[in-house]
Each structure stands twice: as structure tokens, then as C-alpha cells.
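Just the heavy atoms: all of them, side chains too, but no hydrogens, waters or symmetry mates, feed the values below. Please read all numbers here as calculations on a predicted model, not as lab measurements. In the text below, chain A, chain B and the rest are named by the order of the sequence lines, each starting its count at 1.
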There are 2 protein chains.
Amino acid sequence: MSTRDATARLAFEVVKTACSNCNLRELCLPIGLEADELKKLDALVSTRRRLKRGDYLYRAGQGFESIYAVRSGFFKTDVLIEDGRDQVTGFQMTGELLGLDGISSEIHTCNAIALEDSEVCAIPFSHLEGLSRQIQPLQHHFHQVMSREIVRDHGVMMLLGTMRAEERLAAFLLNLSQRFKARGYSPAEFNLRMSRDEIGSYLGLKLETVSRAFSRFQDEGLLSVHQRKIRILNTSRLKQLMSHQRL
Amino acid sequence: MSTRDATARLAFEVVKTACSNCNLRELCLPIGLEADELKKLDALVSTRRRLKRGDYLYRAGQGFESIYAVRSGFFKTDVLIEDGRDQVTGFQMTGELLGLDGISSEIHTCNAIALEDSEVCAIPFSHLEGLSRQIQPLQHHFHQVMSREIVRDHGVMMLLGTMRAEERLAAFLLNLSQRFKARGYSPAEFNLRMSRDEIGSYLGLKLETVSRAFSRFQDEGLLSVHQRKIRILNTSRLKQLMSHQRL
DNA sequence: CTCTGCGTTTGATCCACGTCAACCCGCTTA
DNA sequence: TAAGCGGGTTGACGTGGATCAAACGCAGAG
């Protein structure tokens with residue numbers, strides 16, 4: 001093990017007490033920082049905020065100051081237009097970032113709402129910019145995070161533009177499954193935090209259509225569904241259902 | 001006029017010879033830089049590339065090294081999945097950036113194709129990161145550009161998820177119109193650079209549906225359409241058609 | 001325990017858009 | 001000048017998902 005690794009490993013323990021749970025992903029812990037760099041980073045994310053289910057983390061139209069890293073819990077973001085229509089633009093879980101949309105105009109362009117009791121780290125954006133001018137790996141990591149968000153959005157556009165209802169739901173479930181797995185939870189069994197209506201809004205479908213697709217998957221033995229408790233029984237069939245389907 | 005303004009004004013003339021036409025927007029000219037900063041920036045964008053209609057600027061799967069600023073011309077980006085389906089994720093015109101999707105994994109995730117003879121500035125990304133560690137306004141501007149892309153994508157998700165065919169086409173045309181206007185062209189009369197099929201792919205519709213929507217708009221006196229030449233005759237009705245429509 | 005209410009499921013019907021097919025138009029090539 | 005061709009338009013018809021409506025089931029309140 002190199003001395004750099006050792007230093008990082010040591011520093012990891014330090015930062016762990018400050019950011020004990022959201023270590024592994026996204027911005028919270030760019031691997032490979034020096035001890036003093038980590039100390040600065042630790043100061044950066046010192047502001048915490050707790051939210052109860054249903055609370056708004058921020059609203060469209062509010063001034064933008066910070067981005068947020070989810071420490072625990074579950075969020076949705078949505079945008080609405082005058083006539084009352086709205087669209088869920090994403091669901092965020094532990095370790096993921098919220099608020100990147102606000103950077104462009106210094107004003108949030110969507111609402112972020114806790115779907116269960118949650119905790120976030122607020123990261124004042126000007127501090128982050130300052131630090132990332134000093135710490136190159138942090139800068140690069142942040143750019144990657146923003147870029148990943150763009151790639152994710154393209155995936156959703158693909159889904160909304162070309163897939164049919166069952167393919168969309170399959171893609172959605174597989175994505176959730178993979179994200180739970182990456183966090184050390186079961187990829188096969190989990191509780192949905194969002195309603196059928198919210199899933200539908202995200203997928204560009206009505207809740208009835210979502211419900212019917214769940215029922216069909218259950219009938220075909222791909223899933224077991226009880227309320228919001230999902231068990232995936234046949235991942236590979238789900239995958240092939242998602243990816244070609246021209247049968 | 002402050003001395004800073006004067007300096008910037010002076011430097012503007014210098015950079016103008018290097019980046020004569022794509023000054024005003026996106027990344028090419030963050031206003032307010034000092035003369036020596038502008039000199040560095042000028043060096044950054046020194047690599048040019050010409051493309052003919054149909055040429056690929058980059059392809060999905062290729063390694064990522066640079067982002068590109070469109071100096072002149074018109075591009076589309078699209079993603080494809082195994083089964084042959086594809087989705088146009090955006091159209092880029094003069095002054096807009098291409099390639100932000102590649103930052104996350106160092107690999108391009110979509111294709112960028114010239115829809116007419118075009119010229120781009122290649123901006124090596126590691127250089128850009130280096131410079132933006134030194135020049136705070138550049139850094140901030142770049143972050144805004146990435147964030148704007150995310151906001152734009154959310155707009156497309158909204159469009160794909162909640163709007164019907166005519167609303168989508170109206171939104172698309174109004175967006176194009178506004179972008180032409182911002183570049184000093186007529187917002188009311190312009191030539192589409194893309195086929196009905198490409199519009200359809202972007203809007204999540206089939207080309208026949210796009211064609212019918214054009215015809216209906218023409219019948220109703222909102223547009224005149226001749227091939228790819230569009231004249232907008234009634235902007236306000238187009239806008240209200242796009243935004244509520246629950247009539 | 002019942003009552004109330006919201007989220008969900010399920011069924012019947014409708015309609016916007018997709019699909020399939022014919023035809024047209026402007027351009028290129030011979 | 002004709003022939004071929006790619007892109008665009010238009011029509012007839014089919015269908016996936018929206019809409020409307022009813023009923024279910026779990027949770028919290030009384």
C-alpha cells in the first residue's frame with residue numbers, strides 16, 4: 001500500500017465521524033484526498049438539515065445557495081407548469097445530490113420533497129467552487145457528478161420518447177434495484193417510497209397504467225407486489241422485456 | 001467606465017480575432033475576464049475542426065477528451081440502444097456546447113452529427129479544468145452551462161411526459177424561434193435543419209404525426225410551411241396552445 | 001369495533017397517435 | 001427529358017394507454 005493510500009485511509013476514519021453514512025458515493029467522499037484536504041471538505045459539509053416526510057427541501061423559484069447531499073431518506077424532484085400539469089424529474093436516495101438545477105440561474109427550477117423522514121448535508125455552492133479551485137480531484141469529481149446527471153436525463157428522455165408502458169416500468173424497477181444494491185440493500189426486495197401516481201408522473205404514464213403494469217408483471221411471475229413492497233422474481237426476463245420487446 | 005471594464009473591452013477586441021463569431025454565448029466568452037486571462041482562454045480554444053453535413057463530431061463509445069463549442073453550423077445528438085431504437089437528445093446551434101455527457105465516464109454516451117456544414121472549437125477538457133481552477137468567473141460560468149443543460153433536459157422530460165403532439169411541436173418551434181432570435185436572426189422565419197423524422201425522434205413522435213401537426217398549424221393559420229422553411233404567423237396562439245390547451 | 005379516507009386495483013369505453021400504404025414533390029443522374 | 005430516389009404528405013385503420021367510474025383494502029380516528 002502506498003503512503004498516499006495510507007494517508008487517505010487514515011483520513012477516511014476522520015471524515016467518517018463527520019459524514020458517517022454517505023461516504024461511498026457521489027460528492028461526499030471523493031477518494032484520494034490528502035488529510036488536510038479532507039479536513040476542508042469536512043468543514044464544507046458541516047451544515048445538516050432534517051426533514052419530515054412531505055417537507056420541501058426547496059421550492060421552484062427560491063434563491064439557490066447550496067446543493068444538498070442526501071445522508072438518509074428519499075426525495076423526489078418535480079417541476080410544474082401554470083396549467084397544473086407536473087412532472088417528477090427524479091428520485092434521489094442516500095448519497096445522491098440535489099439542487100444542481102439551481103446553479104444556472106441562481107434560482108431553483110424544481111421542487112425537492114422528502115418522501116420519507118430524511119437528512120441532508122447542505123453544501124454552500126460558493127464554498128464548493130472555492131474548494132474545487134484548490135483541490136483538483138474534488139473539482140473533477142464534481143464535474144463528473146454533473147455530467148452523470150446529464151447522462152441520466154438522457155436515459156429518461158429515451159425512456160419517455162421510445163418505450164412503451166411495461167418497458168418503462170421494467171426500466172424503472174431495474175434502476176431502483178441496482179441503486180439499492182449499490183447501497184448494500186437487497187436488489188430483489190425493497191419498498192417503494194413513492195405512490196403509483198408519482199411513478200406514473202416520472203414515467204409519463206397515468207397511475208392506472210402503472211397499476212395495471214404491476215398487476216401484469218405479477219400475473220406473469222416477474223414480480224411479487226404487495227402495496228409498495230416489491231420483490232423481483234425474474235430479473236433477466238425483466239431486462240429483456242425492457243431492452244428489445246419487438247417480439 | 002471602470003478600469004476593469006476598459007481592460008475587458010480592450011481584451012475583447014483581441015479575442016475577437018481568435019473567436020470572432022461565437023463570442024456572445026455559452027462558454028466561449030465569459031464576460032469580465034482580465035486581459036491575461038483572456039489570452040489563456042484564447043490558447044485553450046485554439047483547436048478548430050470543420051465538418052461536412054452528415055459527419056460525426058464524435059460517436060457513442062469513443063473516448064472523451066474535449067468538449068466542443070459550435071462556431072457555425074447545426075448539430076444533433078442522439079443515443080441508440082441495441083434493438084435499433086434511437087432518440088435525438090438535442091439540437092445544437094452556434095455558440096452552444098457539445099460533449100458534456102462524456103465527462104462522467106471519459107466516454108461519449110451519444111453521437112454528435114453535423115446537420116449542415118459546420119465548424120467547432122475543440123476545448124480539451126483537462127485544460128478547461130486547469131484554467132477554471134485559476135479563473136473563478138470561468139469556473140462559475142462553466143458550472144452554469146452544465147446546470148443549464150440539466151434544466152433544459154428537465155424541460156424536455158416535461159414535454160415528453162406530459163404534452164400532446166401539437167403542444168410538443170409548438171414548444172419545439174417556439175424554442176427554436178427564441179434561439180434564432182438570440183443570435184440575431186429572425187424569430188419568425190427560419191429553415192429547419194432537421195428532417196421530420198429527426199424532429200419526431202426528439203419529440204417522441206412518429207414523422208407522420210409531426211407532418212400532420214405541421215399541416216394542421218398551417219390550416220389554422222399559425223404557420224406557413226414550405227418544406228423545411230417555416231414562418232411563424234401567430235406566436236401568441238402558438239404559446240397558448242403550448243401552455244394550457246385544456247379547453 | 002366501526003367509520004372515514006386515501007391510495008390502489010380493476011373494468012369499460014374512448015381517442016390520440018402509431019402503423020401501413022399510397023402518392024406527391026423537388027432533386028439528382030443518365 | 002425521363003427515371004429514380006429520399007423526404008414529405010395524406011388517408012384508412014388499429015391499438016396502447018387515457019379517461020371515467022366503481023369497488024377494494026389498509027390505516028388512522030373515534
Side-chain angles (χ1 to χ4, degrees), chain A residues 53-54 76 83-88 113 115-116 159-173 191-220 223-230 241-242 245-247, chain B residues 53-54 76 83-88 113 115-116 159-173 191-220 223-230 241-242 245-247:
Chain A
R53 181 190 155 97
K76 71 167 178 182
D83 58 19
R85 285 181 285 187
D86 70 331
Q87 169 89 13
V88 171
I113 300 152
L115 294 181
E116 60 183 28
L159 179 147
L160 293 171
T162 74
M163 293 186 179
R164 54 189 52 211
E166 293 191 2
E167 298 176 276
R168 295 183 197 189
L169 186 62
F172 172 70
L173 292 171
N191 283 303
L192 299 174
R193 267 70 170 189
M194 70 293 284
S195 68
R196 300 290 188 262
D197 194 34
E198 286 163 333
I199 296 172
S201 174
Y202 182 62
L203 298 178
L205 303 169
K206 293 291 158 186
L207 70 297
E208 294 95 328
T209 306
V210 174
S211 177
R212 280 185 240 272
F214 269 125
S215 300
R216 191 131 5 109
F217 284 170
Q218 175 143 336
D219 292 348
E220 288 168 4
L223 299 179
S224 87
V225 185
H226 294 105
Q227 319 270 115
R228 298 187 177 184
K229 176 144 207 147
I230 303 293
L241 195 159
M242 177 189 71
Q245 169 76 337
R246 305 283 90 138
L247 15 123
Chain B
R53 182 190 153 98
K76 71 168 179 182
D83 56 20
R85 284 181 286 186
D86 70 331
Q87 169 89 12
V88 171
I113 300 153
L115 294 181
E116 61 183 29
L159 180 147
L160 292 171
T162 74
M163 292 186 180
R164 53 189 53 210
E166 294 192 0
E167 299 176 275
R168 295 184 199 191
L169 186 62
F172 172 71
L173 292 172
N191 283 303
L192 299 174
R193 268 70 171 189
M194 70 293 284
S195 68
R196 300 289 188 264
D197 195 33
E198 287 163 333
I199 296 172
S201 175
Y202 182 63
L203 298 179
L205 302 168
K206 293 294 158 185
L207 67 298
E208 293 95 330
T209 305
V210 173
S211 178
R212 279 184 240 272
F214 269 125
S215 300
R216 190 130 6 108
F217 284 170
Q218 174 143 332
D219 292 348
E220 290 169 1
L223 299 180
S224 87
V225 185
H226 295 103
Q227 319 270 114
R228 297 188 177 183
K229 176 144 207 145
I230 303 293
L241 195 159
M242 177 189 70
Q245 170 75 337
R246 303 286 89 139
L247 18 119

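- Contact annotation for B:Arg228: backbone-only contact, meaning every heavy-atom pair under 4.0 Å involves sugar-phosphate atoms and none involves a base.
- With contacts defined as side-chain heavy-atom distances shorter than 4.5 Å, the pair B:Leu160/B:Tyr202 does not qualify.
- Between A:Ile199 and A:Leu169 the shortest side-chain heavy-atom distance falls below 4.5 Å.
- Whole-Å rounding puts the A:Arg53 CZ to C:dC6 P distance at 14 Å.
- For B:Gln227, whose side chain is taken as the heavy atoms from C-beta onward, the closest listed nucleotide among C:dG26, D:dT9, C:dT9 is C:dG26.
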Scan nucleotides 14-17 of chain C against the protein and return all N/O pairs shorter than 3.5 Å with their distances rounded to 0.1 Å.
| unit_1 | atom_1 | unit_2 | atom_2 | d |
| --- | --- | --- | --- | --- |
| C:dC17 | OP1 | B:Ala165 | N | 2.6 |

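- Looking at heavy atoms from C-beta onward, B:Leu173 lies in side-chain contact with B:Leu223 at the 4.5 angstrom threshold.
- When the C1' atom of C:dC25 is taken as reference, atom NZ of B:Lys229 falls 18 Å away, rounded to whole Å.
- Atom CG in A:Leu192 sits roughly 13 Å away from atom C1' in C:dT8 (whole-Å rounding).
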With side-chain contact (heavy atoms from CB on, under 4.5 Å) as the test, would you mind laying out the steps for A:Phe217 and A:Leu241 before giving the verdict?
CA-CA 11 Å; A:Phe217 284 170; A:Leu241 195 159; 3.7 Å; yes

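- Looking at B:Arg53 and B:Glu116, no side-chain N of the basic residue comes within less than 4.0 Å of a carboxylate O on the acidic one, giving no salt bridge.
- Rounded to whole angstrom, the span from the CE atom of B:Met194 across to the C1' atom of D:dG6 amounts to 18 Å.
- By the side chain to side chain contact (heavy atoms under 4.5 Å, CB included) test, B:Glu208 is found to be paired with B:Lys206, B:Arg212, residues two or more places apart in sequence or in another chain being considered.
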Under 3.5 Å, which protein N or O atoms sit close to an N or O of nucleotides 20-24 of chain D? Give each pair with its distance.
| unit_1 | atom_1 | unit_2 | atom_2 | d |
| --- | --- | --- | --- | --- |
| D:dC20 | N4 | A:Glu208 | OE2 | 3.3 |

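- With contacts defined as side-chain heavy-atom distances shorter than 4.5 Å, the pair B:Glu198/B:Leu207 does not qualify.
- To the nearest angstrom, P of D:dG7 lies 13 Å from CD1 of B:Ile199.
- Judged purely by atom type and a 3.5 angstrom limit, A:Gln218 uses its side chain to pair as donor or acceptor with the backbone of A:Val225.
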